[in-house]
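Note: hydrogens, waters and symmetry copies are ignored here, and every other heavy atom, side chains too, is used. In listed order, ligands and their atoms are each counted from 1.
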Amino acid sequence: MDRRNFLKGAALSAMAIAAPISFSAFGEPTKQTGRSGRLNLTFFPYELQLRHAFNLAKYSRTTTPDVQVRIEYDGIVGYGEASMPPYLGESVESVTKFLSALDLSQFTDPFRIEEIHEYMDSVAPNNRAAKASVDIALHDLLGKIMGQPWYKIWGLDPGKAPSTSFTIGIDKADVVRQKVDEADPYNVLKVKMGLDNDKELVEIIRSKTDRPICVDANQGWSDKEKALEMCHWLSERNCLFVEQPMPKEMIEETAWLRERSPLPIIADEFLQRLPDVRRAAEAYDGINIKLMKSTGMHEAYQMAVLARALGMKVMLGCMTETSCAVTAAAQLAPMVDWADLDGNLLIANDLFDGIKIVNGKVTIPERPGIGVEPLA
Ligand code: MG
């Protein structure tokens, strides 16, 4: 062997020894191949089919528009997702436009998540679901590189994850009874309110079960005296809390209600991102964090920490989503008082295996990253 070939051989063996162990998309340790050293973003639209028509105080629907995201780095794939229920103002078009405008290939280090968020905020101020899809895929990627799930990286005990509520939508009496039967595996029922038959709906549920309920009025009560009367009535019927009782603009009236209500008042539509938490503290007892509002896991974690520091209750929610985004949210579940993580159970065409509900409790998978595997 001449000197040139010897040096080449030595360099190659040194590279083989130094080659870091990474994890495949499925969490299996693999030798890295095809190192690109760049973040490669791809995405495609995916329409979620709902099992039941989704009836809220203001509208009804049977599908949810969604965009699935992949970020590849050095042969490892991170999965992410944007779900766009119409009232949030995002669409397949707006998400696709935002993602197309991103140039993630400028980032050679996927751990610079703070910088990547600053960059996304500089591209457009809103587009929160689109940003969440990138954030979730990045967290999945980083967790796989580190070989750990995010609850571990955050130092959380998965045994502290609460039960999830299961939503009973507004519907005809016989359908509500059937939904209560279907909700048998769940320890807490979430009741959507804000129409004229609110009490009737609770009476139907109470004729079937005495399990605790939580109530989401979706801004449906615009009279503060009526809202207070409902809070008293619900507190006598094993209700845990009331979410967004009044329109988000009625801050003074909500603060008035919070002073008098026997039940905690939780903000949902009122808040989106981190700076909103301090404003919420002035009128609400707690906040409902959702990844599609918070721009993903990075800011959702900060919101939970800040809310705790302000002495507030924390609830973790989701949209109708595949198990991708719901399992990503579940990584935060040990930090919260109440979880409402049933979005994947409400759709008929999931793409991932992930979060499980065991004895009614949120159970986080033992997998690196956000904890999902694509279904075959
Ligand atoms: Mg809500």
Legend entry - The single option from Thr320, Thr167, Thr164 passing side chain to side chain donor-acceptor pair (under 3.5 Å) against Asp342: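 Going through the options one by one, the only one that passes is Thr167.
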Inset, instruction - Decide, yes or no, whether a salt bridge links Lys190 with Glu243 under the criterion of side-chain N to carboxylate O below 4.0 Å. - result: yes
Legend entry - For the Mg ion (ligand 1): protein N/O/S atoms at distances below 2.8 Å: 3
Legend entry - Aromatic Trp256 / basic Arg258 pairing, under 6.0 angstrom, 45° off normal: no
Legend entry - Cation-pi, Phe270 ring and Arg279 (6.0 angstrom, 45 degrees):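 Pair Arg279/Phe270 counts as cation-pi.
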Inset, instruction - Taking salt bridge (charged side-chain N to carboxylate O under 4.0 Å, His left out) as the test, write out the residues that go with Glu253, two or more places apart. - result: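 For Glu253 there are no salt bridge (charged side-chain N to carboxylate O under 4.0 Å, His left out) partners, ignoring immediate neighbours.
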Inset, instruction - Compare all side-chain heavy atoms of Leu156 with those of Lys160 and state whether any distance is below 4.5 angstrom. - result: no
